[in-house]
Amino acid sequence: MNFLIITHVTHKFPNKGIAAYGPYVHEMNLWLKYVESVQIVAPKISDGIGAIDLMYKHDHIDFKAIPEIAFTSIIKGVISLFKIPLICLSIWRACKKADHIHLRCPGNIGLLGCFVQIFFPRKTKTAKYAGNWDPAAKQPLSYRFQKWLLSNTFFTKNMQVLVYGHWNNQSRNIKSFFTATYAKNEIERSKVITFDQDLKFVFLGSLGDGKRPLLAIKIIEELYKEGQKVSLDVYGDGILKNELASYIKRNGLDGIIRLMGNQEKSAIKEALKEAHFSILPSKSEGWPKALAEAMFFGAIPIATRVSCIPDMLDYGKRGILIKPELKNSVNTINRYLQNPKQLMQMSTAAEKWSQEYTLDKFEEEIVKLLKN
């Protein structure tokens, strides 16, 4: 099988290999175990490989570099418009050679792939929509259009669209899916956890406005001021890193809040095994791996009501749902902290649920998709 990946993810080329954003490549390597050859149509950059990057594992990869496009300003938008015909031609040529077309959405390149795939109705196709599929969510027009086009079985034929969460009134090609980080053999004996000691919080995610890391820091700060014995380790990197560091220093929080940067999977795993809570007050999510990974080791998720998160947390039975407002969030968390027995039950429920979604099960589902 000649398997084609169309994605906006930028790719790097260290030591004659191909690398990209680790969680994405980690997943794609599972798909690639079952195909003979691979085509990748994606942007290429010259940056060096970072701690969060991962190498593809396949001996027969044909990489077609395309330019990045963006519409964040008028100038960038005009330049991108001139690039689109060339990108569409590259995608069309790759689709013509492919046996299976795999789109990564949402994104500008995924959107172009959604258009081009219309001209290949007999080809087997999958699309991974890694964003928020909630039909009621307020999203940019391009995202809403991608969702409409992928759901439209008149234009989009012979495709299974993998989405996070369970939603009503969906077209027949929409398949509720999941993702995974840990294997079945990484399931450990449930940790003995108590909530009458120093409480360890973690934040996992990019340090950008969408994940609201500053709100997470302020929540921990307020809990500390109210007498709770808390600490927070922040894992990730992004444009807000310096601002967060300044806030921590300015407010004398160095003793309870640490910025850990990007770390390898093994370091994250050890941090989650020691954590009581994983906090993620996001504006939007697809499948929040940061929460699912924490739940795997019994860390209780604290998150906003976006995308499939309420479903993941069983509407408060497997985690704490908060509003994106400081005082309300602190009051909600404090209320739960007064009931350690309930928190222990929540930790057990979170762990049990997450350990159902192992890499082993994920790989089994991928094989089924490739056979269809």
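Bear in mind the structure is a predicted one, so any value in this text is a computation, not a measurement.
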Trainee: So do the side chains of E188 and Y182 get within less than 4.5 Å of each other, counting heavy atoms only?
Mentor: no
Trainee: Under 6.0 Å from the OH atom of Y336, do we count more than 12 heavy atoms belonging to anything else shown?
Mentor: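 Yes, enclosed.
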Trainee: Do other residues, nucleotides or ligands put more than 12 heavy atoms under 6.0 Å from the CZ atom of F120?
Mentor: yes
Trainee: Determine which pairs satisfy side-chain hydrogen bond (donor to acceptor under 3.5 Å, both in side chains) with at least one residue from residues 198-210, sequence neighbours left out, and list them in order.
Mentor: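 Non-adjacent pairs meeting side-chain hydrogen bond (donor to acceptor under 3.5 Å, both in side chains): D209-K283.
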Trainee: Does L204 share a hydrophobic cluster with I220, counting links as ILVMFWY side-chain heavy atoms below 4.5 Å and allowing steps through other members?
Mentor: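 They do not share one cluster, since no chain of ILVMFWY contacts under 4.5 Å joins L204 to I220.
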Trainee: Mind checking what makes side chain to side chain contact (heavy atoms under 4.5 Å, CB included) contact with D360, not counting sequence neighbours?
Mentor: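 Only A183, K184, T358 meet the side chain to side chain contact (heavy atoms under 4.5 Å, CB included) criterion with D360.
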Trainee: Please list every donor-acceptor pair under 3.5 Å in which a side-chain atom of residues 294-302 meets a protein atom from a residue at least two apart or in another chain.
Mentor:
none

Trainee: Between K327 and E226, is there a side-chain N and carboxylate O pair less than 4.0 Å apart?
Mentor: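 A salt bridge links K327 with E226.
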Trainee: Tell me if a side-chain donor or acceptor on Q170 pairs with a main-chain N or O of N168 at a distance below 3.5 Å.
Mentor: yes
Trainee: Looking at CD1 of I248 and CZ of R250, how far apart are the two atoms once the value is rounded to the nearest 0.5 Å?
Mentor: 10.5 Å
Trainee: Only pairs at least two apart or in different chains count here, so list each salt bridge (charged side-chain N to carboxylate O under 4.0 Å, His left out) that has a residue in residues 233-242.
Mentor: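 Listed by first then second residue: D233-R258.
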Trainee: Using modelled atom types and a 3.5 Å cut-off, is there a donor and acceptor pairing between side-chain atoms of S354 and backbone atoms of A292?
Mentor: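 Indeed, once roles are kept as given, a pair shorter than 3.5 Å links the two residues.
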Trainee: Scan the side chains in residues 57-76 for donor-acceptor partners under 3.5 Å anywhere in the protein, sequence neighbours excluded, and list what turns up.
Mentor:
unit_1	atom_1	unit_2	atom_2	d
H58	ND1	H60	N	3.0
H58	NE2	V35	O	2.9
S73	OG	K76	N	3.2

Trainee: Can you check whether T124's main-chain N or O pairs, donor with acceptor, with D99's side chain at less than 3.5 Å?
Mentor: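 No, because the side chain of D99 does not come within donor-acceptor range (under 3.5 Å) of the backbone of T124.
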Trainee: Do V41 and W31 sit in one hydrophobic cluster, given that two such residues count as connected whenever their side-chain heavy atoms are within less than 4.5 Å of each other, even indirectly?
Mentor: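 Result: no, two separate clusters.
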Trainee: Name each donor-acceptor pair under 3.5 Å that joins a side chain in residues 85-96 to protein atoms two or more places apart or in another chain, with its distance.
Mentor:
unit_1	atom_1	unit_2	atom_2	d
S90	OG	L86	O	3.2

Trainee: Would you kindly confirm whether I118 and W148 end up in one hydrophobic cluster when ILVMFWY residues are joined by side chain heavy atoms under 4.5 Å apart?
Mentor: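 Yes, I118 connects to W148 through the hydrophobic network.
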Trainee: side-chain hydrogen bond (donor to acceptor under 3.5 Å, both in side chains) with Y56: which residues, sequence neighbours excluded?
Mentor: H11, Y24
Trainee: Keeping K123 on the side-chain end and A98 on the backbone end, is there a donor-acceptor pair under 3.5 Å?
Mentor: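 Pair found, side chain donor or acceptor close to backbone of A98.
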Trainee: Suppose we screen for ring pair (Phe, Tyr, Trp, His ring centres under 6.0 Å). Which residues come up paired with Y235, at least two apart in sequence or across chains?
Mentor: none
Trainee: Counting N and O atoms only, with roles assigned by atom type, does the side chain of S347 sit under 3.5 Å from a partner on the main chain of L343, one being a donor and the other an acceptor?
Mentor: no
Trainee: For Y143, is the NZ or CZ atom of K147 found under 6.0 angstrom from the centre of its six-membered ring and inside 45 degrees of the ring axis?
Mentor: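 Checked: cation-pi criterion not met.
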Trainee: Between Y164 and K128, is any side-chain donor less than 3.5 angstrom from a side-chain acceptor?
Mentor: yes
Trainee: Ignoring hydrogens and angles, tell me if any N or O in the side chain of R104 forms a donor-acceptor pair with the backbone of I5 under 3.5 Å.
Mentor: no
Trainee: Sub-3.5 Å donor-acceptor pair from the side chain of H276 to the main-chain atoms of T194, do we have one?
Mentor: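 Such a contact is found between H276 side chain and T194 backbone.
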Trainee: Should we say atom CG of D254 is surrounded by more than 12 heavy atoms from elsewhere, each under 6.0 Å from it?
Mentor: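 Enclosed.
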Trainee: Can you find a pair of side-chain heavy atoms, one from C105 and one from C114, that are under 4.5 Å apart?
Mentor: yes
Trainee: For F362, which of W287, Y357, F178 qualifies under ring-ring contact (aromatic ring centres under 6.0 Å, His included)?
Mentor: F178
Trainee: Please tell me if the side chains of P288 and C308 come closer than 4.5 Å, counting only heavy atoms from C-beta onward.
Mentor: yes
Trainee: Using 0.5 Å steps for rounding, measure from the NZ atom of K218 to the CG atom of L223.
Mentor: 14.5 Å
Trainee: Side chains of I45 and K12: closer than 4.5 Å at any heavy-atom pair?
Mentor: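 Yes, at least one pair of side-chain atoms sits under 4.5 Å.
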Trainee: With sequence neighbours excluded, what pairs up with F115 under the ring pair (Phe, Tyr, Trp, His ring centres under 6.0 Å) test?
Mentor: F145
Trainee: According to a hydrophobic-cluster definition based on side-chain heavy atoms being under 4.5 Å apart (Ile, Leu, Val, Met, Phe, Trp, Tyr only), do L253 and V202 belong together?
Mentor: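 Looking at the clustering, V202 is in a separate group from L253.
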Trainee: Is the Y129 ring parallel, tilted or perpendicular to the W133 ring (thresholds 30°, 60°)?
Mentor: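 Perpendicular: the ring planes of Y129 and W133 meet at over 60°.
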Trainee: Run the side chain to side chain contact (heavy atoms under 4.5 Å, CB included) check on L215 and L326 step by step: do they pass?
Mentor: CA-CA 7 Å; L215 177 56; L326 178 58; 4.3 Å; yes
Trainee: Considering only residues two or more places apart or on different chains, which pairs with a residue in residues 152-162 satisfy side-chain hydrogen bond (donor to acceptor under 3.5 Å, both in side chains)?
Mentor: Q117-T156
Trainee: Check the pair L199, L337 against side chain to side chain contact (heavy atoms under 4.5 Å, CB included), reporting the backbone distance first and the verdict last.
Mentor: CA-CA 10 Å; L199 301 175; L337 292 180; 3.6 Å; yes
Trainee: Could you check K368 against K371 for side chain to side chain contact (heavy atoms under 4.5 Å, CB included), going step by step and ending with a plain yes or no?
Mentor: CA-CA 5 Å; K368 292 177 186 177; K371 288 182 176 179; 5.9 Å; no
Trainee: Can you list the residues that meet the side chain to side chain contact (heavy atoms under 4.5 Å, CB included) rule with V306, with sequence neighbours excluded?
Mentor: E285, T304, I309
Trainee: Look up atom CD1 in I6 and atom CG in L111, then write down how far apart they are to the nearest 0.5 Å.
Mentor: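 So the CD1 of I6 and the CG of L111 are separated by 11.5 Å.
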Trainee: Are the charged groups of K361 and E365 less than 4.0 angstrom apart, N to O?
Mentor: no
Trainee: Should I333 and M344 be regarded as members of a common hydrophobic cluster, given that ILVMFWY residues are connected when their side-chain heavy atoms come within less than 4.5 Å of each other, either directly or indirectly?
Mentor: yes
Trainee: Give the intermediate values and the outcome of salt bridge (Lys or Arg N to Asp or Glu O under 4.0 Å) for residues K352 and E356.
Mentor: CA-CA 7 Å; K352 182 178 180 182; E356 290 292 323; over 6 Å; no
Trainee: Under 3.5 Å, side chain of N29 to main-chain N/O of H26, donor-acceptor pair present?
Mentor: no
Trainee: Does a side chain donor of either Y34 or E363 reach within less than 3.5 Å of an acceptor in the other side chain?
Mentor: yes
Trainee: If you define the side chain from C-beta out and look only at heavy atoms, does anything of V161 sit under 4.5 Å from S151?
Mentor: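 Not touching, per the 4.5 Å side-chain cut-off.
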Trainee: Decide yes or no on side chain to side chain donor-acceptor pair (under 3.5 Å) for D134 and Q139, but give the supporting numbers first.
Mentor: CA-CA 10 Å; D134 183 356; Q139 295 177 318; over 6 Å; no
Trainee: Applying ring pair (Phe, Tyr, Trp, His ring centres under 6.0 Å), name anything that partners F201, two or more places apart in sequence or on another chain.
Mentor: F277
Trainee: Is there a side-chain contact between T181 and E186, using heavy atoms and a 4.5 Å cut-off?
Mentor: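 No, their side chains stay 4.5 Å or more apart.
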Trainee: For F203, is the NZ or CZ atom of K211 found under 6.0 angstrom from the centre of its six-membered ring and inside 45 degrees of the ring axis?
Mentor: no
Trainee: Does the pair L369 and F177 meet the rule for a side chain to side chain contact (heavy atoms under 4.5 Å, CB included), with working shown?
Mentor: CA-CA 11 Å; L369 291 168; F177 213 62; 3.8 Å; yes
Trainee: Give the minimum heavy-atom separation between L291 and A303, together with the two atoms involved.
Mentor: CD1-CB, 3.6 Å
Trainee: Would you say I217 and L244 make side-chain contact, with heavy atoms under 4.5 Å?
Mentor: yes
